[in-house]
Amino acid sequence: MSTRRTRKTTPPVSALFLDIGGILLTNGWDTDDRAAAVKTFGLDAEETEQRHHLNFETHELGKLSLDEYLRRVIFYEPRAFSMEDFTAFMQSRSKPYPDMLAYVRELKARHRLKIFAVSNEGRELTVYRIGKFKLGEFMDCFVSSCFVHLRKPDAEIYRLALDLAAVPPAEVVCIDDRSLFVEVAEAAGLRGICHTDCAATRKELGKMGLIL
């Protein structure tokens, strides 16, 4: 008696969960940005970093406004510059990755994908970046840490995004530039890509049937 082997088929991709910083745009407020601020505004590097690390997670979780964060980290003593000056500097550090922005727009149009942002970012910079770079034109939902009060690598943020997308985990590809976050997403049942550049990510998505 012969037995037939059933072939497992991989479900088609119906949604992408994307980080914003490091994928579509530069990071909002990373180590290089803070080093540039220290140089530009003549800050104490060690004190700035220490205060940043004590406060930034709370800010990213939406429990501390940008003004409150800046008062604790920068304006705890009199400065020769204003909070508006410093905020404008923070905003100026955000730059687009045009190749990825164009690619994701094309993917959505061609394959009718749901595109969700799953990111760790403070509210004010998130709102600024969504508007400045017109992310709302092609992204369906922003599951940002400041909006949902969950922060990667907490797996709950991916489960929430799945609930909002109403898509099975196997039909979702999570794209992030941090390997730990990709691993957490994969443990939750999603497919993952650790992003290095547009060409590499394009190749990996092509293997999954997302061809332009």
Side-chain angles (χ1 to χ4, degrees), residues 17-97 100-101 116-136 139 141-161 174-185 194-195:
F17 288 177
L18 303 174
D19 195 4
I20 295 178
I23 308 293
L24 301 175
L25 313 174
T26 56
N27 287 315
W29 188 234
D30 67 6
T31 305
D32 291 341
D33 300 318
R34 297 192 302 277
V38 165
K39 186 175 180 180
T40 300
F41 294 98
L43 304 173
D44 181 286
E46 185 176 350
E47 180 73 9
T48 300
E49 278 300 287
Q50 183 181 57
R51 285 173 173 267
H52 165 81
H53 287 294
L54 289 171
N55 288 284
F56 199 62
E57 182 173 332
T58 308
H59 172 57
E60 283 193 328
L61 284 168
K63 298 179 179 180
L64 193 69
S65 73
L66 180 60
D67 283 359
E68 291 168 324
Y69 164 81
L70 290 178
R71 276 195 287 271
R72 293 183 182 187
V73 177
I74 306 298
F75 295 95
Y76 56 90
E77 60 182 37
R79 300 293 186 186
F81 51 89
S82 69
M83 193 173 290
E84 290 75 18
D85 293 334
F86 199 89
T87 301
F89 175 84
M90 293 178 75
Q91 293 174 342
S92 74
R93 300 294 297 179
S94 290
K95 305 296 181 186
Y97 292 127
M100 277 301 293
L101 287 167
F116 275 39
V118 182
S119 62
N120 290 347
E121 239 178 36
R123 175 177 291 271
E124 290 83 356
L125 271 180
T126 295
V127 171
Y128 168 77
R129 282 149 67 89
I130 290 170
K132 173 70 175 178
F133 300 103
K134 299 180 171 57
L135 302 184
M139 303 200 87
C141 186
F142 293 89
V143 187
S144 181
S145 59
C146 61
F147 298 153
V148 302
H149 310 304
L150 295 166
R151 186 175 179 271
K152 296 181 294 186
D154 187 341
E156 190 62 30
I157 196 169
Y158 296 107
R159 288 191 280 268
L160 174 61
C174 174
I175 303 173
D176 206 297
D177 63 329
R178 296 179 186 267
S179 58
L180 172 61
F181 297 164
V182 173
E183 291 164 14
V184 172
C194 190
H195 177 85

Should the pair Phe41 and Phe86 be assigned to parallel (<30°), tilted (30 to 60°) or perpendicular (>60°) ring geometry?
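Because their plane-to-plane angle lies in the 30° to 60° range, the rings of Phe41 and Phe86 count as tilted.
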
Point-to-point distance, once rounded to the nearest 0.5 Å, from [atom1] of [X] to [atom2] of [Y]:
{"X": "Ser119", "Y": "Leu135", "atom1": "OG", "atom2": "CG", "result": "9.5 Å"}
{"X": "His59", "Y": "Trp29", "atom1": "NE2", "atom2": "CH2", "result": "10.5 Å"}
{"X": "Ile74", "Y": "His52", "atom1": "CD1", "atom2": "NE2", "result": "10.0 Å"}
{"X": "Ile157", "Y": "Ser145", "atom1": "CD1", "atom2": "OG", "result": "6.0 Å"}
{"X": "Asn27", "Y": "Ile20", "atom1": "CG", "atom2": "CD1", "result": "11.0 Å"}
{"X": "Ile175", "Y": "Phe181", "atom1": "CD1", "atom2": "CZ", "result": "15.5 Å"}

Specify the closest pair of heavy atoms between [X] and [Y], including all atoms of both residues, with the distance to one decimal.
{"X": "Phe142", "Y": "Gly136", "answer": "CZ-N, 4.0 Å"}
{"X": "Thr126", "Y": "Cys146", "answer": "OG1-SG, 3.9 Å"}
{"X": "Leu43", "Y": "Ala37", "answer": "CD1-O, 4.0 Å"}
{"X": "Phe116", "Y": "Ala161", "answer": "CE2-O, 3.7 Å"}
{"X": "Leu66", "Y": "Glu124", "answer": "N-OE2, 3.1 Å"}
{"X": "Phe133", "Y": "Pro96", "answer": "CE2-CD, 3.5 Å"}

Qualifying residue, where the test is side-chain contact (heavy atoms from CB on, under 4.5 Å) with Lys152 and the options are Leu180, Val184, Val118, Val143
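Only match with Lys152 under side-chain contact (heavy atoms from CB on, under 4.5 Å): Val118.
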
Hey, are the side chains of [X] and [Y] touching, using non-hydrogen atoms and a 4.5 Å cut-off?
{"X": "Lys39", "Y": "Arg34", "value": "no"}
{"X": "Ser94", "Y": "Lys132", "value": "no"}
{"X": "Val148", "Y": "Glu156", "value": "no"}
{"X": "Thr40", "Y": "Phe89", "value": "yes"}
{"X": "Tyr97", "Y": "Ile23", "value": "no"}
{"X": "Thr26", "Y": "Arg93", "value": "no"}
{"X": "His195", "Y": "Asp176", "value": "no"}
{"X": "Asp67", "Y": "Phe75", "value": "no"}

Is it true that the side chains of Thr87 and Glu84 contain a donor and an acceptor less than 3.5 Å apart?
no

Under a 3.5 Å cutoff, is there a donor and acceptor pairing between the side chains of Thr58 and Asn55?
no

Asp32: which residues meet the side chain to side chain contact (heavy atoms under 4.5 Å, CB included) condition with it, sequence neighbours left out?
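Side chain to side chain contact (heavy atoms under 4.5 Å, CB included) list for Asp32, sorted by chain: Asp30.
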
Do Met139 and Leu18 pass the side-chain contact (heavy atoms from CB on, under 4.5 Å) test, and can you show the C-alpha distance, the side-chain angles, and the key distance before you say yes or no?
CA-CA 10 Å; Met139 303 200 87; Leu18 303 174; 4.3 Å; yes

May I ask you to say whether Arg178 pairs ionically with Asp19, meaning some side-chain N is under 4.0 Å from a carboxylate O?
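Salt bridge flag = no for Asp19 with Arg178.
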
Are the charged groups of Glu60 and Arg123 less than 4.0 angstrom apart, N to O?
no

CA sep, side-chain torsions, deciding dist, call: Asp33, Met90, side-chain contact (heavy atoms from CB on, under 4.5 Å):
CA-CA 8 Å; Asp33 300 318; Met90 293 178 75; over 6 Å; no

Quick one, Arg129 with Leu25, criterion side-chain contact (heavy atoms from CB on, under 4.5 Å). Give me CA distance, side-chain angles, the key distance, then yes/no.
CA-CA 9 Å; Arg129 282 149 67 89; Leu25 313 174; 3.8 Å; yes

Say whether, by atom type as modelled, one donor and one acceptor occur between the side chain of Ser144 and the main chain of Phe147 under 3.5 angstrom.
no

Under a 3.5 Å distance rule, please check whether Glu68 uses its side chain to pair with a backbone N or O of Ser65 as donor and acceptor.
yes

Are Arg51 and Tyr76 in a cation-pi contact, defined as NZ or CZ under 6.0 Å from the six-membered ring centre and within 45° of the axis?
yes

Check against side-chain contact (heavy atoms from CB on, under 4.5 Å), Glu49 and Val38
CA-CA 10 Å; Glu49 278 300 287; Val38 165; over 6 Å; no

